[in-house]
Each structure stands twice: as C-alpha cells, then as structure tokens.
S.K.: 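The following block contains the structure, expressed as structure tokens.
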Amino acid sequence: MDLFEYSKKKSLKFNAPLAERVRPLTIDDFYGQEHILYKNSPLNRLIKIDRIGSLILYGPPGTGKTTLAMIISNTTKKVFEKLSAVTSGVKDIKEVVKNAEDNLSFYNKETILFIDEIHRFNKSQQDALLPHVENGLITLIGATTENPYFEVNKALLSRCKIVHLKSLKDNDLVKILQRALNIDKILSSYKIRYTDKDLEYIARLSSGDVRNALNTLEVAVLSTEPTNGVIEINNKVIKESVIDSSVNLYDKNADYHYNTISAFIKSMRGSDPDASILYLAKMLKSGEDPKFIARRMVIFASEDIGNADPNALTIANNVFRAVEIIGLPEARINLAQGVTYLATAKKSNKSYLAIEEATKDINENPDLDIPQYLRDSHYLGAENLGIGIGYKYPHDFENSYVKQRYFPMNYNEKRYYKPTENGYEKNIKEYIDKLKGE
C-alpha cells in the first residue's frame, strides 16, 4: 500500500458514519439477537471454531446482518469474499468461483462468499451460485431484508440455514450507544453531558434499528454547540436530530407491508378498534396507498362481517369512495371512521364460507343440469321444448314464497349458507329456518 492509498483509507475511515466506525469486530462486542447468539448457542460456537455453513441472514434494516458477516470474516481462516447484489452480476460470481477454485487447489483454503442484499439477485444469478454452494466450493452467507422463502430460489434455500434477526431491543441499543460514546475517537474527544434516559429516548425513537440510533447520536453531538465546553444532549436536541426513516421500515413489497396489513385485518376481525387504528396510523405514516387500505376494508366487510351487519359493506364502500374523492390527509378521518365501525360490528364469515364450499363443489362437479322450469324461456319455441313449464312464480303465493326445487338436477340439495345468531344475521337464520320448516 502506497502513501496515497494509506491516506485515502484513513480519510474514508475518519469520514465514515458512526455505525461503520464502531462496527464490532468480535462476537463479544455484538449486542442483541440473544435468541441466536446466546452463550454457547450453536451459531456462537460455529463462529468461534470457524465451522460456519451456508447461511441466509434475514431481518429488518439495522439489525446486524452485515456486522455478523464481518465478525465471521474476522474470525475465519477461510478466504472471505464480498459482493453486493446491487452492483454485481454473473460475471462477478464466476470470478469469485475461479478464485475459490485456485485457493482450494494451490493453498487448500476454502472460500466464504458474503452477498449483501441477496434478494436483488435474479434467478439466473442465483442459479449461477447453486452448483458451487452444493458441492461445497463456496460457503454462502447472504443478507436480506426480504423474506428469503419468497425471494431466494428453493434449491439454493435448501442448502442454507435461515438465521432470522429481529429488531433490536431498546436496552441493547442503549448498550451500543454507550459503547460508541466510549470507543469512537471522534465522539470521545468531546465532553458530553447526557443521562441514561437520553440514550433510552434515542433507542425508543430508532424502531429497533441500530444504524438509526447511531446516526441520531452522531447528529446530536456534532450539531450541538458546546456551552462552557460541554455538549448537552437532551430530549429536545435528540428529537431535532432524528432523521425520520419510518418509511424505510415499511417497504411496500416486503414483509413489513404484509405483516402490518395482516395485523390490521386480524385486529378488526378480533373486534379491537384500538389496535386496528394503531395499524392504520402506521400504514398511513409509512406512505401506504390509502386506496389499498380501503379496498381491504371492503373485502373485510363481506368476508368477516357479512350479514351480521349488512350496513358494514355500505360503509366500507362509502369510505373507499371518500378516499377516492378527498384523498389524504383528510381521508384518514374517513378511514378511521370506517375502521372503528368494522372493528366493532357483529361478525360472521358464513357468506364467505358458503361461496368457498360452493366453489369447491363446482370444481369437483362443473356441469349443472338446471331444471327445465328454471331455464330461460324468453324466446319463441321455448315452450315447445318444455322450457319454463311448471315454474312457480313466488310473488303469486302468500308471503312471496313457494316451495320448489332450485338446485341442479344432478346435485343433492345442500345447505351452504348457515347463518349465525350474530346481529342481523339472527333474523335471516330465523327466516330461513321457518321457510325450511326447521
């Protein structure tokens, strides 16, 4: 390394973000993820004895995926290669494979390949990796914020252990912030006054993302003018130093999107208006399309409420229309009204179950032998074919009801719709039972 290269590396390190400057080099300095890295855990042991197999590190941003890979890099005696799926292609993979073959042949050294954002590799790129992971030439460590069961092909996935990292707990973030204040050459050069509660406040605002927490701390310190040589960190300073990244935790094509809408629907189904409103606020804050939310509410009104409260579908449709006409931010009020109504409405999924069961029967018996008297008779000659003859017009009878067969001739009569005793559906049940003589 020449003088200019050394100067460049030194400058890059000095100007690097705090998260990079204080990145742990050993497993002992890695905080959080106790569920996979507890003392003497299998993963912990494998890292320490350098026997790591192929892994997919999966979790939200800022949970330590890259850091864990770098710790493995510092621990292993194997050759450690690194690629980013954003900037690399099949050509880069082939080059790594060639180097791996050379290192194994000439030096008897195995190769670990770390691929950041592996979900961005397309099928052909993943296929290019597969035979070399399969034959053991390469030990793959992939990092992804996307669900690997959706984004990584099954053949490659079957050869990797999935390690699920979770958002960091506040107490872990506090330890990381304290460590940064102690060991970082830049921050430790300042005289800083803060309390444990200040660090807890940073942690709470960081949504389990260590990078967010460290960025907030660095901005707070470097952007605050000292008073008598002391930088005072307090809640006001911290709040002004937060770069709002809540949208980053809610990628519309990723798990957080689907998990949040799932929790939203299940909270309404469980008749919890408060949790439902919380998830609504999260989705709106994160930039979710309000029409997507309103569409799910229309579906929910029929799937989970149905005839227990027939008005729910009307309200859901009106909310959707209001969202289309008004738009955000005001439409959040319409959404909130709809959500609280749907969450607290009487529930029945019997209409949904009825169509599911009927569809299953149709799939198994697609041909319908419709009774002659129910067929369309509005054409000349229909009567000569016996079409429409014998049909009993219900309005000609008392209470607009007459008993006759409506099922296809090749189907046994069956109860698909079985109303509950909930809300208005109780009236429907009583009416049907009366008609059927039950």
S.K.: Evaluate Glu357 against Lys414 for salt bridge (charged side-chain N to carboxylate O under 4.0 Å, His left out), listing each step before the verdict.
M.R.: CA-CA 10 Å; Glu357 188 175 355; Lys414 180 179 182 178; 2.9 Å; yes
S.K.: If only atom types and distance count, is the side chain of Arg21 paired as donor or acceptor with the main-chain N or O of Ala16 below 3.5 Å?
M.R.: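 Pair found, side chain donor or acceptor close to backbone of Ala16.
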S.K.: NZ of Lys197: more than 12 outside heavy atoms within 6.0 angstrom?
M.R.: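 Open: at most 12 neighbouring heavy atoms sit under 6.0 Å from NZ of Lys197.
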S.K.: Take Glu364 and Lys360 through the salt bridge (charged side-chain N to carboxylate O under 4.0 Å, His left out) test and state the conclusion after the steps.
M.R.: CA-CA 6 Å; Glu364 294 173 357; Lys360 179 175 178 290; 3.2 Å; yes
S.K.: Look only at the side chain of Lys65 and the backbone of Ile56, and say whether a donor-acceptor pair between them is shorter than 3.5 Å.
M.R.: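 Not confirmed, Lys65 side chain does not pair with Ile56 backbone.
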S.K.: Answer yes or no: does atom OH of Tyr406 have more than 12 heavy-atom neighbours from other residues, nucleotides or ligands under 6.0 Å?
M.R.: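 Buried by this count: over 12 neighbours within 6.0 Å.
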S.K.: For Glu288, does its backbone N or O pair with a side-chain atom of Ser286 as donor and acceptor, under 3.5 Å?
M.R.: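 Not a single qualifying donor-acceptor pair exists.
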S.K.: Does Asn153 form a side-chain hydrogen bond (donor to acceptor under 3.5 Å, both in side chains) with Asp127? I'd like the steps, not just the answer.
M.R.: CA-CA 8 Å; Asn153 73 47; Asp127 286 344; 3.2 Å; yes
S.K.: Are side-chain heavy atoms of Asn44 and Tyr38 found at a separation under 4.5 Å?
M.R.: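 When only atoms from C-beta onward are counted, Tyr38 and Asn44 do not touch, as no gap falls below 4.5 Å.
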S.K.: I'd like to know if Glu95 pairs up with Lys91 as an ion pair, taking the criterion as any Lys NZ or Arg NE/NH1/NH2 lying under 4.0 Å from an Asp or Glu carboxylate oxygen.
M.R.: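 No.
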S.K.: Just how far is it from atom NE2 of His132 to atom NZ of Lys98, taken to the nearest 0.5 Å?
M.R.: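 Answer rounded to 0.5 Å: 12.5 Å.
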S.K.: Please determine which of Ile162, Val163, Leu46, Leu68 meets the side-chain contact (heavy atoms from CB on, under 4.5 Å) test together with Leu55.
M.R.: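 Answer after filtering Ile162, Val163, Leu46, Leu68: Val163.
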S.K.: Starting at CG of Asn122, measure out to CD of Glu151 and round the result to the nearest 0.5 Å.
M.R.: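 Between atom CG of Asn122 and atom CD of Glu151 there are 12.0 Å.
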S.K.: State whether a side-chain donor-acceptor pair under 3.5 Å links Lys161 with Ser54.
M.R.: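 Judged by distance alone, the side chains do not pair up.
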S.K.: Taking atom CZ as the centre, does Arg295 end up with more than 12 heavy-atom neighbours from other residues, nucleotides or ligands that are less than 6.0 angstrom away?
M.R.: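 Yes, enclosed.
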S.K.: Take Ile261 and Arg296 through the side-chain contact (heavy atoms from CB on, under 4.5 Å) test and state the conclusion after the steps.
M.R.: CA-CA 9 Å; Ile261 194 67; Arg296 294 303 298 263; 4.0 Å; yes
S.K.: Do you know which two heavy atoms are closest between Arg120 and Ala85, and how far apart they sit?
M.R.: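 Answer, listing the atom of Arg120 first, then Ala85: CB-CB, 4.0 Å.
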S.K.: Do Asp274 and Leu278 make a side-chain contact, defined as non-hydrogen atoms from C-beta onward lying under 4.5 Å apart?
M.R.: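 The answer is no; the side chains never approach within 4.5 Å.
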S.K.: Would you say Arg159's side chain and Ala155's backbone share a donor-acceptor pair under 3.5 angstrom?
M.R.: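 Confirmed, Arg159 side chain pairs with Ala155 backbone.
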S.K.: Give the C-alpha distance, both sets of side-chain angles, the deciding distance and a yes or no for side-chain contact (heavy atoms from CB on, under 4.5 Å) between Glu81 and Phe114.
M.R.: CA-CA 6 Å; Glu81 299 268 12; Phe114 172 61; over 6 Å; no
S.K.: Does Phe407 have more than 12 heavy atoms from other residues, nucleotides or ligands lying within 6.0 Å of its CZ?
M.R.: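 Atom CZ in Phe407 is crowded, with more than 12 foreign heavy atoms closer than 6.0 Å.
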S.K.: Does the side chain of Val323 reach to within under 4.5 Å of the side chain of Phe320, using non-hydrogen atoms?
M.R.: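 No, every pair of side-chain atoms sits at 4.5 Å or beyond.
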S.K.: Look at atom NZ of Lys346 and say whether more than 12 heavy atoms of other residues, nucleotides or ligands are closer to it than 6.0 Å.
M.R.: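 Open: at most 12 neighbouring heavy atoms sit under 6.0 Å from NZ of Lys346.
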S.K.: With distance as the sole test, does Glu117 use its side chain to make a donor-acceptor pair with the main-chain N or O of Val86 at under 3.5 Å?
M.R.: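 No.
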S.K.: Supply the atom-to-atom distance Lys175 NZ to Lys169 NZ, rounded to the nearest 0.5 angstrom.
M.R.: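 Rounded to the nearest 0.5 Å, the NZ-NZ separation comes out at 9.5 Å.
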S.K.: Pro61 and Thr145: which non-hydrogen atoms are nearest, and at how many Å?
M.R.: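 For Pro61 and Thr145, the tightest heavy-atom pair comes out as N-CG2, 4.0 Å.
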S.K.: Has Lys48 got a side-chain atom pairing as donor or acceptor with Leu43's backbone, closer than 3.5 angstrom?
M.R.: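 Side chain of Lys48 to backbone of Leu43: no pair is present.
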S.K.: Are any non-hydrogen side-chain atoms of Tyr352 and Asp304 less than 4.5 angstrom apart?
M.R.: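 Tyr352 does not reach Asp304 side chain to side chain.
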S.K.: Hey, what do you get for CD (Glu303) to CG (Leu313), rounding to the nearest 0.5 Å?
M.R.: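 Interatomic distance, Glu303 CD to Leu313 CG, rounded to 0.5 Å: 12.5 Å.
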S.K.: Could you please spell out the steps behind the side-chain contact (heavy atoms from CB on, under 4.5 Å) verdict for Ile115 and Ile141?
M.R.: CA-CA 6 Å; Ile115 301 178; Ile141 300 178; over 6 Å; no
S.K.: Any side-chain donor paired with an acceptor under 3.5 Å for Tyr417 and Asn307?
M.R.: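 Indeed, the side chains of Tyr417 and Asn307 share at least one donor-acceptor pair under 3.5 Å.
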S.K.: Using side-chain contact (heavy atoms from CB on, under 4.5 Å) as the criterion, point out the one residue from Leu368, Leu374, Asp369 that pairs with Met409.
M.R.: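 Between Met409 and the candidates, side-chain contact (heavy atoms from CB on, under 4.5 Å) is satisfied uniquely by Asp369.
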S.K.: For Asp172 and Gly32, work out which heavy atoms get closest and say how close.
M.R.: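 Heavy-atom minimum between the residues: OD2-CA, 3.4 Å.
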S.K.: Whether the side chain of Lys109 engages the backbone of Lys77 through a donor-acceptor N/O pair (distance < 3.5 Å, no angle test) should be reported.
M.R.: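 Yes: the side chain of Lys109 pairs with the backbone of Lys77.
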S.K.: Provide the closest heavy-atom pair for Ala316 versus Met297 in the form atom of the first, atom of the second, distance.
M.R.: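 Shortest heavy-atom contact: CB-O, 3.8 Å.
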S.K.: Where is the tightest heavy-atom contact between Ser188 and Leu181, given as atom of each residue plus distance?
M.R.: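 Ser188 and Leu181 have their closest heavy atoms at CB-O, 3.7 Å.
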S.K.: Would you please test Leu113 and Thr139 for side-chain contact (heavy atoms from CB on, under 4.5 Å) and show each step?
M.R.: CA-CA 6 Å; Leu113 172 60; Thr139 298; over 6 Å; no
S.K.: Taking all atoms of both residues into account, what is the closest heavy-atom pair of Leu217 and Ala180, and its distance?
M.R.: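 So the two residues come closest at CD2-CB, 4.4 Å.
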S.K.: What distance do Ile233 atom CD1 and Asp198 atom CG have between them, rounded to the nearest 0.5 Å?
M.R.: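 These two atoms lie 7.5 Å from each other.
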S.K.: If you define the side chain from C-beta out and look only at heavy atoms, does anything of Asp361 sit under 4.5 Å from Tyr411?
M.R.: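 Counting from C-beta outward, Asp361 and Tyr411 do come under 4.5 Å.
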S.K.: Would you indicate whether the side-chain heavy atoms of Thr75 and Ile71 approach each other to under 4.5 Å?
M.R.: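 With C-beta onward as the side chain, the pair touches.
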S.K.: Determine the sole option in Asn215, Thr63, Ile176 for which the side-chain contact (heavy atoms from CB on, under 4.5 Å) test with Val210 is passed.
M.R.: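 Exactly one pass, corresponding to Ile176.
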S.K.: Got Gln178 and Tyr194 here, is their nearest side-chain heavy-atom distance under 4.5 Å?
M.R.: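 A side-chain contact exists here, since the closest heavy-atom pair is under 4.5 Å.
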S.K.: Do Val219 and Val242 have side chains that get closer than 4.5 Å, going by heavy atoms?
M.R.: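 No, too far: nothing below the 4.5 Å cut-off.
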S.K.: Counting distance only, does the side-chain N/O of Thr340 pair as donor-acceptor with the main-chain N or O of Gln337 below 3.5 Å?
M.R.: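 Side chain of Thr340 to backbone of Gln337, a donor-acceptor pair under 3.5 Å: yes, one is there.
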S.K.: Has the side chain of Ser206 got a donor or acceptor atom that lies under 3.5 Å from a matching backbone atom of Ile202?
M.R.: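 Yes; at least one donor-acceptor contact below 3.5 Å.
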S.K.: Count the heavy atoms of every other residue, nucleotide or ligand shown that sit under 6.0 Å from CG of Asn108, and state whether that count exceeds 12.
M.R.: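 Count not over threshold, so no.
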S.K.: Just by distance, with hydrogens left out, do Ser267 and Asp272 show a side-chain donor and acceptor under 3.5 Å apart?
M.R.: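 Absent: no donor and acceptor within the cut-off.
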S.K.: Looking at Asn40, is its backbone amide N or carbonyl O close enough to the side chain of Arg45 to form a donor-acceptor pair, meaning the two atoms are under 3.5 Å apart?
M.R.: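 Flag set: sc Arg45 to bb Asn40 pair under 3.5 Å.
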S.K.: With rounding to the nearest 0.5 angstrom, report the NZ to OG distance, Lys266 to Ser276.
M.R.: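 If I round to the nearest 0.5 Å, the distance is 13.0 Å.
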S.K.: Above 12 or not: heavy atoms from other molecules or residues under 6.0 Å from OH of Tyr341?
M.R.: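 More than 12 heavy atoms, drawn from other residues, nucleotides or ligands, come within 6.0 Å of this atom.
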S.K.: Count the heavy atoms belonging to other residues, nucleotides or ligands that lie under 6.0 Å from CD of Glu232, then report whether that count exceeds 12.
M.R.: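 Count over threshold, so yes.
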